[in-house]
Chemist: 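Got a structure for you, written out below as structure tokens; questions coming shortly.
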There are 2 protein chains.
Amino acid sequence: MSTEFTARTATQVPSAHSAQVPDIEGSALFAGCPDVIGTPFSYDREEEIYGEGEEAEFVYKVLDGAVRTHKVLSDGRRQITGFHLPGDLFGLGQGEINRHTAEALTKTKVLIFKRRQVERAATSRVEVACQLWSMATSDLRHAQDLTLSLGRRSAQERVAAFLLEVDDRLGSAGTFALPMTRRDIADYLGLTIETISRTLSQLEEDGALRRDGGRQVSLHRTRLRRLVED
Amino acid sequence: MSTEFTARTATQVPSAHSAQVPDIEGSALFAGCPDVIGTPFSYDREEEIYGEGEEAEFVYKVLDGAVRTHKVLSDGRRQITGFHLPGDLFGLGQGEINRHTAEALTKTKVLIFKRRQVERAATSRVEVACQLWSMATSDLRHAQDLTLSLGRRSAQERVAAFLLEVDDRLGSAGTFALPMTRRDIADYLGLTIETISRTLSQLEEDGALRRDGGRQVSLHRTRLRRLVED
DNA sequence: CGGACACTTGAGGGGGGTCAACCTCAGTGG
DNA sequence: CCACTGAGGTTGACCCCCCTCAAGTGTCCG
């Protein structure tokens, strides 16, 4: 998996154990394991990378672009569990069978690893196992933060927190283009596209951000942060 | 951490890697690591085990009783992230600082391990590291299932799924006493105690369960399962 | 038997969903 | 160069599910 969109708050502290976080270059991910080499691959916009219920054969590392993973209910309701940006690993931690679907948001380059090889590396090299533990733990933190938002925060708080999270992941410039559609944001935050749209308009009206065409936003971070209880 | 309340669905498959799930007895948890020995300890009903923001010094294994872990917003809104029953490990995966609070639901016996020792064991024995990875992964799955419920399911679906999950964790007898209050259920499912109460009444009226005093329930599992889309 | 806490039930309100119309803009073809 | 098209986004009107507030009913334990 990966660090996904875990917000780096001031209280966050380096990983508990000695394994270090993977660096942006794919080559050093399974350092010291020459048999675990990633194969470059590309996906088009909206292309499925793997599907829920299929055998989990590979693990992926994003090099360029963006990926979303989601679960669906039988009637089509969708919950996005994470967005994956360059440097992130995804597809791990799902046993023999994929527990969600992964799709490319845009044209996306990845490195593909065989899951079995990664697991073999984990059982033979303790640093790899610790690294995988560290990544799973990081994803777990992210999932629990999302749980708190979905369970207990208002639409405005969720959207404000989401914008700050994306800004953070994208380099904390304060100005950026959202890499996903309103539908993706809605399905991530447990809301509807109309509510996302209305909330963004409201935030702009309140001076918490400026917009320029659908995707481009400039955050007023101190005001947004004031809206997010924590 | 632990398997928490992860529902075992028909599609679920044994852990991906070779590490085996810990057994109910604490002694075999860090097998082959004589330096990692748990110290027995007890907590009273509603007693705090550790608090969010404190240094994470220990890891815990439930022997008897039940524990909840939760996060709180500054205005008091609470989200329970998991209930931990006998056999479950909790308190792992939070770096140097606790990212949530843990409290005993009832009088609870645990085994306490020093976090540093567990981490040391992980870096020296690959089976331990894999076991910890496996547990983190299992917790991640659970958190993502909860995310789907909170984001996309109705109150009735959440309560029905919750009852089936508890039944499963408690041995699938179909009849059991809920180990937690309505408030705990509400704070786990992102609802209010009134909605929990009304939903249970409605489910009873629909013949999906029977109640006997506040906590005791008998599930009509096929009817409940029909209410839970998946 | 009485007090406290957990739980239930009702009445009313609001946040966000639903449905529908409209706008914007990039792409495509004439 | 412009008309057409369709997907993504915005906005409004209405409604419903769940929350809020409030009053009751167990039920456990002194």
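Chain naming here is simple, since letters A, B, ... match the order of the sequence lines and numbering starts at 1 in each.
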Chemist: In residues 211-221 of chain B, what residues come within less than 4.0 Å of DNA chain D, judged by heavy atoms?
Modeler: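 Nucleic-acid contacts, sorted: B:G213.
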Chemist: Once you build an axis from the first five pairs and another from the last five of the helix from C:dC1-D:dG30 to C:dG30-D:dC1, how far apart in angle are they, to 10 degrees?
Modeler: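 For the helix from C:dC1-D:dG30 to C:dG30-D:dC1, the axes at opposite ends meet at about 30°.
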Chemist: Before giving the answer on salt bridge (Lys or Arg N to Asp or Glu O under 4.0 Å), spell out for A:D230 and A:R225 the whole-Å C-alpha distance, their side-chain angles and the decisive distance to 0.1 Å.
Modeler: CA-CA 9 Å; A:D230 58 11; A:R225 269 193 279 268; over 6 Å; no
Chemist: Mark yes when over 12 heavy atoms from residues, nucleotides or ligands other than B:R215 sit less than 6.0 Å from its CZ; otherwise mark no.
Modeler: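 Count over threshold, so yes.
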Chemist: Name all residues meeting the ring-ring contact (aromatic ring centres under 6.0 Å, His included) criterion together with B:F176; count only those two or more places apart in sequence or in a different chain, and write none if there are none.
Modeler: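 Partners of B:F176 under the ring-ring contact (aromatic ring centres under 6.0 Å, His included) test: none.
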Chemist: Of all nucleotides in DNA chain C that come within under 4.0 Å of a heavy atom of chain B, which is furthest toward the 5' end and which toward the 3' end?
Modeler: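 For DNA chain C, the relevant span reads C:dC7 to C:dA11.
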Chemist: Give the minimum heavy-atom separation between A:A104 and A:Y43, together with the two atoms involved.
Modeler: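 A:A104 and A:Y43 have their closest heavy atoms at CB-CB, 4.0 Å.
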Chemist: Grab the two heavy atoms, one from B:L164 and one from B:R221, that are nearest each other, plus how far apart they are.
Modeler: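 Heavy-atom minimum between the residues: CD2-CG, 3.7 Å.
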Chemist: Short of 4.0 Å, heavy atom to strand atom, which residues of residues 146-158 of chain B count as contacting DNA chain D?
Modeler: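 Result for residues 146-158 of chain B: B:S154, B:A155, sorted by number.
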Chemist: Sequence neighbours excluded, which residues qualify as salt bridge (Lys or Arg N to Asp or Glu O under 4.0 Å) partners of B:D184?
Modeler: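 If we apply the salt bridge (Lys or Arg N to Asp or Glu O under 4.0 Å) test to B:D184, skipping adjacent residues, the hits are B:R68, B:R78.
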Chemist: Going by side chain to side chain contact (heavy atoms under 4.5 Å, CB included), name the residues that satisfy it together with B:D44, two or more places apart in sequence or in a different chain.
Modeler: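 Residues passing side chain to side chain contact (heavy atoms under 4.5 Å, CB included) with B:D44: B:E47, B:K107.
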Chemist: Give the minimum heavy-atom separation between A:L219 and A:D167, together with the two atoms involved.
Modeler: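 Result for this residue pair: CD1-CB, 3.6 Å.
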Chemist: Could you check whether B:D206 pairs with B:R226 (Lys NZ or Arg NE/NH1/NH2 to Asp/Glu carboxylate O, under 4.0 Å)?
Modeler: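 Looking at B:R226 together with B:D206, the answer is no, because their closest N to O distance does not fall below 4.0 Å.
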Chemist: Along DNA chain D, 5' to 3', what are the outermost nucleotides having an atom less than 4.0 Å from a heavy atom of chain A?
Modeler: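 Contact boundaries, 5' end first: D:dG9 to D:dA13.
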Chemist: Got a sec, which residues hit side chain to side chain contact (heavy atoms under 4.5 Å, CB included) with B:T106, two or more places apart in sequence or on another chain?
Modeler: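 Partners of B:T106 by the side chain to side chain contact (heavy atoms under 4.5 Å, CB included) criterion, ordered by chain and then number, come out as B:T108.
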Chemist: Does atom CZ of A:R211 have more than 12 heavy-atom neighbours from other groups under 6.0 Å away?
Modeler: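 Check passes, neighbour count above 12.
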Chemist: Could you pull out all residues at least two apart from A:T199 that satisfy side chain to side chain contact (heavy atoms under 4.5 Å, CB included)?
Modeler: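 Result, side chain to side chain contact (heavy atoms under 4.5 Å, CB included) vs A:T199: A:A155, A:Q156, A:V159, A:T195, A:L203.
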Chemist: Strictly distance-based, threshold 3.5 Å: is any side-chain N or O of A:R153 a donor or acceptor partner for the main-chain N or O of A:V228?
Modeler: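 Absent.
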Chemist: Under the ring pair (Phe, Tyr, Trp, His ring centres under 6.0 Å) test against B:F90, which residue among B:F83, B:F113, B:Y60 passes?
Modeler: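 Looking at B:F83, B:F113, B:Y60, the match for B:F90 under the ring pair (Phe, Tyr, Trp, His ring centres under 6.0 Å) is B:Y60.
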Chemist: Who are the side chain to side chain contact (heavy atoms under 4.5 Å, CB included) partners of B:R77, not counting sequence neighbours?
Modeler: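 Scan of B:R77 (side chain to side chain contact (heavy atoms under 4.5 Å, CB included), adjacent residues dropped) gives A:R152, A:E157, A:E229, B:L73, B:D75.
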Chemist: Looking at residues 191-205 of chain A, who's got a heavy atom less than 4.0 Å off DNA chain D?
Modeler: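 Nucleic-acid contacts, sorted: A:E194, A:S197, A:R198, A:S201.
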